[in-house]
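Side chains included, hydrogens not; waters and symmetry mates left out as well; all remaining heavy atoms used. Residues: numbered from 1 along the sequence shown.
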Amino acid sequence: QVQLVESGGGLVQAGGSLRLSCAASGLTFTNYNMGWFRQAPGQEREFVSALTWSGITTYYADSVKGRFTISRDNAKNTVYLQMNSLKPEDTAVYYCAAAAAASGSGFGLRRVTPYNHWGQGTQVTVSS
């Protein structure tokens, strides 16, 4: 059974930092590209960042580029999202997701559809 478990969310003041983690189990981690999405109340789930199975290629939404950094540790089956210079508009539930690498990468990783598995989400709240 595949499980993705996010952690590291919380309440932070604007300008602060948080580091999200997503621990994966029940799958061969290096067979998956990984992504982070977020969903604010009343809004659709939106792409935040993704990286390929090797960790070499990364993708970011324009709204977080230069502030967020995605990385992975394949030895620990874990993907991270370092979030710096947080803004109130970053407030959302953040979800980790896994997409089979065999399905491809590139621009498609910005969409929800390639992702086979999702975590339960972790709340990030940024106060002004």
Between Tyr59 (side chain only) and Gly108 (backbone N and O only), is there a donor and an acceptor less than 3.5 Å apart?
no
Within the distance-only criterion (no hydrogens, no angle test), does the side chain of Arg110 pair as donor or acceptor with the backbone N or O of Tyr60 below 3.5 angstrom?
yes
Donor-acceptor pair, side chain of Thr52 and main chain of Thr57, under 3.5 angstrom:
yes
Looking only at heavy atoms, the pair that brings Phe37 and Leu109 closest together is CZ-O, 3.9 Å
Can any side-chain N or O of Arg67 pair as donor or acceptor with the backbone N or O of Ser85 at less than 3.5 Å?
yes
Qualifying disulfide bond (SG atoms under 2.5 Å apart) pairs, either residue in residues 55-128, two or more places apart:
Cys22-Cys96
If the test is side chain to side chain contact (heavy atoms under 4.5 Å, CB included), which one of Val12, Asp90, Leu20 qualifies with Met83?
Leu20
List the atom of Pro114, the atom of Ala99, and the distance in Å for their closest heavy-atom pair.
O-CB, 3.4 Å
Using modelled atom types only, decide if a donor and an acceptor are shared between the side chain of Glu6 and the backbone of Gln120 within a distance under 3.5 Å.
yes
Does Arg19 count as lying over the ring of Tyr80, i.e. NZ or CZ under 6.0 Å from the six-ring centre, within 45 degrees of the axis?
yes
Donor-acceptor pairs under 3.5 Å, side chain of residues 25-36 to any protein atom, not counting sequence neighbours: which ones?
from: Asn33; atom 1: OD1; to: Trp53; atom 2: N; distance (Å): 2.8
from: Asn33; atom 1: ND2; to: Gly104; atom 2: O; distance (Å): 3.2

Work out which heavy atom in Ala24 is nearest to a heavy atom in Leu4; give both atom names and the distance.
CB-CD2, 3.5 Å
CZ (Arg45) and CZ (Arg38) are apart, to the nearest 0.5 Å, by 13.0 Å
On a heavy-atom basis, which atom in Val93 and which in Gln123 lie closest, and how many Å separate them?
CG2-OE1, 3.2 Å
Would you kindly confirm whether Ile70 and Leu86 end up in one hydrophobic cluster when ILVMFWY residues are joined by side chain heavy atoms under 4.5 Å apart?
yes
So, are Lys65 and Asp62 salt-bridged, with charged N and O less than 4.0 Å apart?
yes
Closest heavy-atom pair and its distance - Ser17, Asn84
OG-OD1, 2.9 Å
Look at the aromatic rings of Phe68 and Tyr94 and report parallel, tilted or perpendicular, splitting at 30° and 60°.
tilted
Taking every heavy atom of Ser128 against every heavy atom of Ala14, the minimum-distance pair comes out as CA-CB, 4.4 Å
Transitive ILVMFWY side-chain link Phe47 to Val64, under 4.5 Å
no
Flag, side chain of Thr113 to backbone of Arg111, donor-acceptor distance under 3.5 Å:
no
